[in-house]
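When a residue number appears, it is its place in the shown sequence, counting from 1. Atoms considered below: every heavy atom in the structure, side chains included; atoms not considered: hydrogens, waters and symmetry mates.
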Amino acid sequence: MSDIRVSWNEYFMNIAEQVATRSTCDRKHIGALIVKDKTILSSGYNGSLRGAPHCDDAGHDMENGHCVRTVHAEANAVAQAAKNGVRIDEAEMYVTASPCLTCFKLVANCGIQTIYYKEFYRDERISEYAKEADIRLVYMGKDAKK
C-alpha cells in the first residue's frame, strides 16, 4: 500500500476530471464538482440540453467561435443541485477549466466561495470580478505552486 495520499483538493479535482469524461461536446471536455465540508453535493459536465441531440451526434451550433448547443459544466452542476433541492451556499467548486464570465456570475450568485480550476479558459474578467465579490480563484494546473 502506498504511503502517499492525495490532498482533498487533488482528490476532488481528480473526480472533476472523471466527470469531464461524460462530456458530449468533442470540442472541449469540462467537468465540475460542487463540494461542501469534504462532501460532494453535485456534479456536471458540458453537454446538450437533457433529451436533445449531442454535439457529437448532431454537430456543433457555433456562435462567435463557441459551441452554443451545450450547457456548461458549472451551470449543469448548479442545475443538478437545484433539481435535487441541494443547498450550495458557502460551497466550493472544482472545475477542470476556469468558468466563462456567464458561468462565473451564476456560480458567484449561488454563494460558492472558492473556485478551484486546472486550466485558465479565455476570460480574464473573472479575476477582477472575483476580487470584487470576495470569491477565491485557486489555480491547480501543472505549474501551480504546491
Practice item. Just grab all the ring pair (Phe, Tyr, Trp, His ring centres under 6.0 Å) pairs involving residues 12-33, residues at least two apart or on different chains. Key: Trp8-Phe12, Phe12-Tyr94
Tabulate below the donor-acceptor pairs under 3.5 Å that side-chain atoms of residues 95-112 make, not counting sequence neighbours, or state none.
{"residue": "Thr96", "atom": "OG1", "partner": "Gly31", "partner atom": "N", "Å": "3.1"}
{"residue": "Ser98", "atom": "OG", "partner": "Tyr121", "partner atom": "N", "Å": "2.7"}

Point to revise | Non-hydrogen atoms of Cys55 and Ser48 that approach each other most closely | key: N-OG, 3.7 Å
Review point. Could you give the distance from CD (Glu17) to CD (Glu10), rounded to the nearest 0.5 Å?
Key: 10.5 Å
Practice item. May I ask you to decide if Ala20's main-chain N or O and Ser23's side chain share a donor-acceptor pair within less than 3.5 Å? Key: no
**Study point:** All side chain to side chain donor-acceptor pair (under 3.5 Å) counterparts of Thr39, not counting sequence neighbours
**Key:** none
Review point. If you look only at pairs with a residue in residues 31-49, which of them pass as a salt bridge (Lys or Arg N to Asp or Glu O under 4.0 Å), with sequence neighbours excluded?
Key: none
Check your understanding: Taking only residues two or more places apart in sequence or in another chain, which ones pass side chain to side chain donor-acceptor pair (under 3.5 Å) with Glu119?
Key -> Lys28
Review point. Can you name the nearest heavy-atom pair linking Met13 to Tyr116, along with the distance?
Key: CE-O, 3.7 Å
Check your understanding: Excluding sequence neighbours, so at least two apart, what forms salt bridge (Lys or Arg N to Asp or Glu O under 4.0 Å) with Arg87?
Key -> Asp89
Under 3.5 Å, sequence neighbours excluded: what are the donor-acceptor pairs made by side chains of residues 67-81?
{"residue": "Arg69", "atom": "NE", "partner": "Gly59", "partner atom": "O", "Å": "2.9"}
{"residue": "Asn76", "atom": "ND2", "partner": "Tyr45", "partner atom": "O", "Å": "2.8"}
{"residue": "Asn76", "atom": "ND2", "partner": "Val71", "partner atom": "O", "Å": "3.3"}

**Study point:** Separation between CD of Glu90 and OG1 of Thr114, rounded to the nearest 0.5 Å
**Key:** 11.0 Å
Exercise for review: Report the hydrophobic cluster partners of Met62, with the cluster defined as I, L, V, M, F, W, Y residues connected by side-chain heavy atoms closer than 4.5 angstrom, directly or transitively.
Suggested key: none
Exercise for review: Can you measure from CE (Met93) to CG (Leu41) and round to the nearest 0.5 angstrom?
Suggested key: 10.5 Å
Check your understanding: Does Asp61 have any side chain to side chain donor-acceptor pair (under 3.5 Å) partners at least two apart in sequence or in another chain, and if so, which?
Key -> none
Review point. Linking I/L/V/M/F/W/Y whenever any side-chain heavy atoms sit under 4.5 Å apart, do Val6 and Val138 land together?
Key: yes
Check your understanding: If we only count heavy atoms from C-beta on, is the Ser42 to Val86 side-chain gap below 4.5 Å?
Key -> no
**Study point:** Gap separating the CG atom of Leu33 from the CD1 atom of Ile15, nearest 0.5 angstrom
**Key:** 6.0 Å
**Study point:** Pairing residues for Thr24 by the side chain to side chain donor-acceptor pair (under 3.5 Å) criterion, not counting sequence neighbours
**Key:** His54
Pair up each side-chain donor or acceptor in residues 125-137 with any protein partner under 3.5 Å, not counting sequence neighbours, and list the distances.
{"residue": "Arg125", "atom": "NE", "partner": "Asp123", "partner atom": "OD1", "Å": "2.9"}
{"residue": "Arg125", "atom": "NE", "partner": "Asp123", "partner atom": "OD2", "Å": "3.2"}
{"residue": "Arg125", "atom": "NH2", "partner": "Asp123", "partner atom": "OD2", "Å": "2.6"}

Review point. Mind checking what makes ring pair (Phe, Tyr, Trp, His ring centres under 6.0 Å) contact with Phe120, not counting sequence neighbours?
Key: none
